[in-house]
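Some notes on the structure that comes next.
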Amino acid sequence: MEYKFREIEQKWQKYWAENHTYKVDINLNKPKYYVLDMFPYPSGAGLHVGHPLGYIASDIFSRFKRLKGFNVLHPMGYDAFGLPAEQYAIQTGQHPAITTDQNTKRYREQLDRIGFAYDWSRELRTCDADYYKWTQWIFMQLFDAWYNFETDKAEPINVLVAKFENNGTNGVKAACDEDTRSFTAAEWNAMSEDEQQKELLKYRLTYLSESVVNWCPALGTVLANDEVIGGFSERGGHPVEQKKMSQWSMRISAYAERLLQGLDNIDWPEPIREMQRNWIGKSVGALLKFNLEKFEDKIEVFTTRLDTVFGVTFLVLAPEHELVDKLTTPEHKAEIEAYINKTKQKSERDRMADVKTVSGAFTGAFAINPLSGEKVPVWIADYVLAGYGTGAVMAVPSGDERDYRFAQHFNLPIVQILDSQVIDETADATKEGKYVNSGLIDGMDYAEAMKTLVHKIEAEGTGKAKTNYRMRDAIFARQRYWGEPVPVYFKNGLPYLIDESDLPLILPEIDKYLPTETGEPPLARAAGWKYKGEFEYEHSTMPGWAGSSWYWYRYMDAKNDSSFVSKEATDYWKDVDLYIGGSEHATGHLLYSRFWNKVLKDLGYVQEEEPFKKLINQGMIQGRSNFVYRIIGTNKFVSYGLRKDYDTQPLHVDVNIVHNDVLDLEKFKKSIPDYANAEFVLEDGKYICGHEVEKMSKSKYNVVSPDDIIEQYGADTLRMYEMFLGPLEQSKPWNTNGISGVYNFLRKFWNLFLDEKGEVSVTNEEPSKAELKALHKIIQKVEEDVTRFSFNTSVSSYMICVNELTALKCNKRAILEPLVITICPYAPHIAEELWSILNPGKGSVIDAVYPEFKPEHLVEDAFDYPISINGKVKTKLNVSLALEPADVEKLVLESSDVKKYLDGKTPKKVIVVKGRIVNMVI
RNA sequence: GCGGAAGUGGCGUAAUUGGUAGCCGCACCAGACUUAGGAUCUGGCGCCGCGAGGCGUGGGGGUUCGAGUCCCUUCUUCCGCACCA
């Protein structure tokens, strides 16, 4: 009987579907385990061989956990709202819902063929109304909440309203907009409804405000900071500019500290945590107010080095700073205006590329250093960012490189402030030594100086200690069609939530997927789309990350239509134990999800502070492109090794007609009409192709589809080969070359169950010691490997085990049956088939129990000690493991073989490590 | 510039705690079989050398009886951040 993988795989995939083998329910008698994959965006190109890498790993892990007795939740769905479907809709007029539906079906077929243990009864799509109903509902909870720094959590907005009614803003410590004013209870109560709403909007966790946004004209939408890379859009690479607009935002900044602290309590890769720390960008420092010589206004600066305040020789404002216009003296007006105009014309990218060039302009105004009383000039320069801190800095050229260059360029003084500071050629940011030229802190060290200064500025009211975060609130709106409608309508220009009973707010049909002629978002085209037939809805839709910021909860209770997830479900499933996905979501999805999770927890809907306990990033699978070399101007192709002898041009060739870098000439000729009459210059009768590692993409003809691999070798081979390729976290190019090794292994494994005539033949004989050793080695190895996510090493261990059992001609049930169970996570189809041969009618192997490892089967009584002299292995000596080091040493020194190497000398020292090694020093 | 990860045969990789470097595959070489194949089986395969032997985990140095593994230093590649006061 042959290994017929096509029949076997189809048979079991059908069986699993019909018997709901992977359906799970809450089971209080079993410990839960939640394994989650980052759900895919269903693109039109379908899955390539790189996409399932993480899914295979998580599938192995969840199958293993199930064999170990856990109740495993392992779901899959689709992040189905997004730009590509809409861009396609603009080009073709095809409704994004239709293409998304087609793509989703194709993804599902491809996933099914790989044999995943997903509970498909929990499948979800973020674009389904019964899913986005709850995304909208969560949006409403955020709108109806504010952040109370006193209790350090989000609370219902009513609590805040009650505070305003009783005490006004007095004593309220809330996360709010920067321009928020104070008022008394009487003032609040005297406000009109509209005025109150306007005020509350400054506190809500999702709010509408006038802010500077990343506007992408080509995409016709704003983008979040994490969607802009170096001044260009992440999707499509279009230029992005800064623009002031009224926008929905999420007050994630309120959670900056908790998001930062939480990173210490989760088992995530260090690089991801570090990226989130950078993104949050906490810096501890102080705010300090400088009086102005001729104005009542003060310039407030943020500094992390208050101790350097006596080294301040000028102030610098961002060109956008609100005081610039007012401060500028008439004689400097022209210069300042010219500089501001120049800055405006520079794109974000130019500004970044131009780090080295020093530029700036003097306003003509002077400020007074609140500690030294010194008069310092006020400049503007584009190296100061309007959006960070206060948009103004105190410049300390002796301690800061940018200030140093600026001072040198414009001939401003540079004052040494620490005795150990060396500032002849460059700034020195040291904190070592004692202060000099520094008034009241002269002679102090850093710690003492900081304490003294903070105390002084707070006592005098000129400043205060302050912690600053780089992270800005997240823009939460896109001027696009294919996203969740925002459940908000406008009355008197103010936003109000629609009634909860009106959810879901269905995405309306429109005639064209383009902005209106007046530049309104596409939803403005929806004719007659008004709340209660009267009020305008919000015309933006939610960003791509809305639906993915809570989806792991929906899987827990996917069909619930009275709540986004039931309490019963969160009580049991709680959080995600293992999350596998790409590192490209480090500062987007993974940060937003943590944020929403904390809000939902604060409001009492879920119980865990962090949603994803353990995170693993699978590496990217790159493409391995192949090239042919055409002699320029001809239809003649030269083999790789000979290409230097001709004037050639490399051309991508489809990797699917190349095997081990040898081109299939017939298939090549048939590939496109131009090549039908191609001629070749061969080496050793073959055409050898060149190769290069590139991104896997259609245009490079290096895309390998899992469908093709499965067709040729089967899903079990694909699964094992993807793991065999190397450590999960590592990025690596896909190369189909090695796959036959894995395929041969599975056939060899299959053959263990057959006799010489090819008939199934398994005996009930007692296993030998060697057979038991082979089995228990693999039982132990797989358990260890899976636990530390080292899937590649298990595959080679299976190969070793099968090689050993083949050599032993083992066909004993007592060995093969447990072996089938251990391999089921990796190669579930063949495992099912063999299991059913061993145990006809006894159901699925996934319901078996992982075999128990018995260490006694691995115990040896003798060991081949490597005998080394001065650390170099010279020979080996077989010695009983029962002997203690002193006895081993005696035997070694007596051995005639060893004496040969000692050359009559007595070793100065002999080291015996029991069961490991013997080393002699001579 | 700052932060992170990684450098081992022709290739992908392995090496639990400092203890025989190169497991397992691919490719390659030799042989067997043969219904000539992108099939199967057997054996070989780090480098230099006929050999004894020597060298060998990016380079240099150190600790140790012993280093791919620990420490210092340096180079290279990839990833992330980048005027953040």
Side-chain angles (χ1 to χ4, degrees), chain A residues 229-230 269-275 277-279 281-283 285 301-305 308 316 318 351-352 354-358 381-385 387-396 399-403 405-406 468-471 583-584 586-587 617 619-620 622 624 659-662 664 691 712 721 724-727 729-742 744-745 747 781 784-785 788 790 792-803 864-876 907-913 915-922:
Chain A
I229 294 167
E270 191 50 37
I272 298 282
R273 289 193 289 181
E274 201 51 37
M275 279 159 79
R277 283 189 199 108
N278 287 338
W279 189 262
K282 179 178 182 175
S283 53
V301 301
F302 175 73
T303 176
T304 54
R305 289 295 301 274
T308 64
V316 190
R351 225 166 131 165
M352 285 197 305
D354 214 17
V355 174
K356 289 269 143 45
T357 320
V358 177
D382 65 5
Y383 81 85
V384 175
L385 306 175
Y388 183 75
T390 59
V393 303
M394 56 179 223
V396 184
D400 182 284
E401 188 51 38
R402 292 154 307 175
D403 298 345
R405 283 204 308 265
F406 195 87
N468 211 13
Y469 299 91
R470 185 154 73 230
M471 181 170 63
S583 59
E584 65 272 22
T587 49
N617 293 126
M620 265 245 293
Q622 295 132 311
R624 185 181 185 277
H659 301 280
N660 291 323
D661 293 335
V662 177
D664 185 321
H691 61 86
Q712 219 177 132
Y721 185 60
F724 188 65
L725 235 37
E729 289 99 328
Q730 228 167 69
S731 285
K732 54 233 157 188
W734 177 267
N735 187 349
T736 311
N737 286 351
I739 201 166
S740 61
V742 171
N744 286 342
F745 153 73
R747 289 182 36 214
K781 187 76 165 95
E784 267 176 17
D785 286 352
R788 61 189 175 108
S790 173
N792 53 323
T793 47
S794 311
V795 180
S796 60
S797 299
Y798 285 123
M799 291 175 174
I800 294 168
C801 178
V802 166
N803 287 346
D864 249 355
Y865 278 90
I867 312 298
S868 53
I869 293 173
N870 293 338
K872 298 274 171 204
V873 177
K874 295 293 176 187
T875 182
K876 284 183 186 166
K908 281 187 227 144
K909 194 171 174 188
V910 180
I911 298 108
V912 179
V913 184
R916 287 267 188 213
I917 200 164
V918 177
N919 190 19
M920 291 180 285
V921 188
I922 57 170

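Throughout, protein chains are lettered first and strands after them, A, B, ... in sequence-line order, and every chain is numbered starting at 1.
- The separation of B/C48 from B/A14, taken at their C1' atoms, amounts to 25 Å, rounded to a whole angstrom.
- Counting any heavy atom pair closer than 4.0 Å across all strands shown, A/K876 reaches a base atom.
- To the nearest whole angstrom, the two P atoms, one in B/G43 and one in B/G38, are 24 Å apart.
- With both ends at atom C1', the span from B/G25 to B/G59 equals 31 Å, rounded to whole Å.
- In this structure, A/I911 places its CD1 atom 12 Å from P of B/A67, rounding to the nearest Å.
- Set against B/A85, B/G38, B/G3, the side chain of A/Q712 has B/G38 as its closest nucleotide.
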Is there a side chain to side chain contact (heavy atoms under 4.5 Å, CB included) between A/D403 and A/Y383 once you walk through the steps?
CA-CA 10 Å; A/D403 298 345; A/Y383 81 85; 2.7 Å; yes

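- B/G3 and B/G9 have their P atoms separated by 29 Å, given to the nearest Å.
- Using a 4.0 Å heavy-atom criterion, one finds that A/E401 contacts no nucleic acid atom at all.
- Nucleotide B/G3 forms a pair with B/C79, judged by Watson-Crick or G-U wobble geometry with both contacts under 3.5 Å.
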Report all interatomic pairs (protein N or O, nucleotide N or O of nucleotides 24-33 of chain B) with separations under 3.5 Å.
from: B/G25; atom 1: OP1; to: A/N803; atom 2: ND2; distance (Å): 2.9

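- In this structure B/G38 sits in no base pair that meets the Watson-Crick or G-U test at under 3.5 Å.
- Remark: A/R470 is not in phosphate contact with B/A85, judged by side-chain N or O atoms under 4.0 Å from OP1 or OP2.
- Heavy atoms of A/P269 sit nowhere under 4.0 angstrom from any nucleic acid atom.
- Nearest heavy-atom pair, A/S583 versus A/M275, reported as atom, atom and distance to 0.1 Å: O-CE, 4.5 Å.
- Note on A/K732: every side-chain N or O is 4.0 Å or more away from OP1 and OP2 of B/G12.
- Taking a cutoff of 4.0 Å between a charged side-chain nitrogen and a carboxylate oxygen, A/E274 and A/R277 qualify as a salt bridge.
- If you check every strand for non-hydrogen atoms under 4.0 Å, A/E584 touches nothing.
- Here B/G38 presents its P atom at 17 Å from CG of A/D661, a figure rounded to the nearest Å.
- A/F406 places its CZ atom 14 Å from the C1' atom of B/A85, with the value rounded to the nearest Å.
- Taking 4.0 angstrom as the limit, A/Y388 places a side-chain polar atom (N or O) nearer than this to OP1 or OP2 of B/A85.
- Pair assignment for B/G53 gives B/C48, based on Watson-Crick or G-U wobble hydrogen-bonding distances that are each under 3.5 Å.
- Judged by distance alone, the side chain of A/R470 and the main-chain N or O of A/N278 form a donor-acceptor pair under 3.5 Å.
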Determine, step by step, whether A/Y721 and A/V795 satisfy the side chain to side chain contact (heavy atoms under 4.5 Å, CB included) criterion, reporting the C-alpha distance in whole Å, the side-chain angles of both residues, the deciding distance to 0.1 Å, and the verdict.
CA-CA 8 Å; A/Y721 185 60; A/V795 180; over 6 Å; no

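- Comparing B/C71 with B/A27, their P atoms sit 39 Å apart, to the nearest whole Å.
- When the C1' atom is compared between B/C75 and B/C65, the two are found 32 Å apart, to the nearest whole Å.
- Between the OH atom of A/Y383 and the C1' atom of B/A85 there is a distance of 8 Å, rounded to whole Å.
- In this structure, A/N870 places its CG atom 17 Å from P of B/U20, rounding to the nearest Å.
- A donor-acceptor pair under 3.5 Å links the side-chain atoms of A/N919 to the main chain of A/G871, judged by distance alone.
- Closest contact between the side chain of A/D664 and the listed nucleotides B/G38, B/C84, B/C65 involves B/G38.
- Under the 90° criterion around 0 for the glycosidic angle, B/G9 counts as syn.
- To the nearest whole angstrom, the two C1' atoms, one in B/C72 and one in B/G1, are 23 Å apart.
- Between A/I917 atom CD1 and B/A67 atom C1' there is a gap of 12 Å when expressed in whole angstrom units.
- Side-chain atoms of A/S868 come within 3.5 Å of backbone atoms of A/V918 as a donor-acceptor pair (strictly under, hydrogens ignored).
- Atom-to-atom, CG of A/N468 to P of B/A85 comes out at 8 Å; the value is rounded to the nearest Å.
- Spacing of C1' atoms, B/U8 relative to B/U69, comes out at 12 Å, to the nearest Å.
- Within the nucleic acid shown, A/N792 comes within 4.0 Å of sugar-phosphate atoms alone, with no base atom in reach, counting heavy atoms only.
- Side-chain proximity of A/N919 to the nucleotides B/G4, B/C65, B/C83 is greatest for B/C65.
- Remark: A/S283 is in phosphate contact with B/A85, judged by side-chain N or O atoms under 4.0 Å from OP1 or OP2.
- Within the 4.0 angstrom heavy-atom criterion, only backbone atoms of the sugar-phosphate kind lie near A/R747; the bases stay farther away.
- Side-chain proximity of A/T303 to the nucleotides B/A21, B/A85, B/A14 is greatest for B/A85.
- Contacts of A/V913 with the nucleic acid, taken as non-hydrogen atoms under 4.0 Å apart, include base atoms.
- A/Y865 contributes no side-chain N or O that, together with a main-chain N or O of A/K876, makes up a donor-acceptor pair within less than 3.5 Å.
- Without hydrogens or angle criteria, A/N735 side chain to A/N737 main chain gives a donor-acceptor distance under 3.5 Å.
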Expected rows: protein N/O vs nucleotides 51-58 of chain B N/O, under 3.5 Å:
none

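- Between the C1' atom of B/C65 and the NZ atom of A/K909 lies a distance of 5 Å, rounded to the nearest Å.
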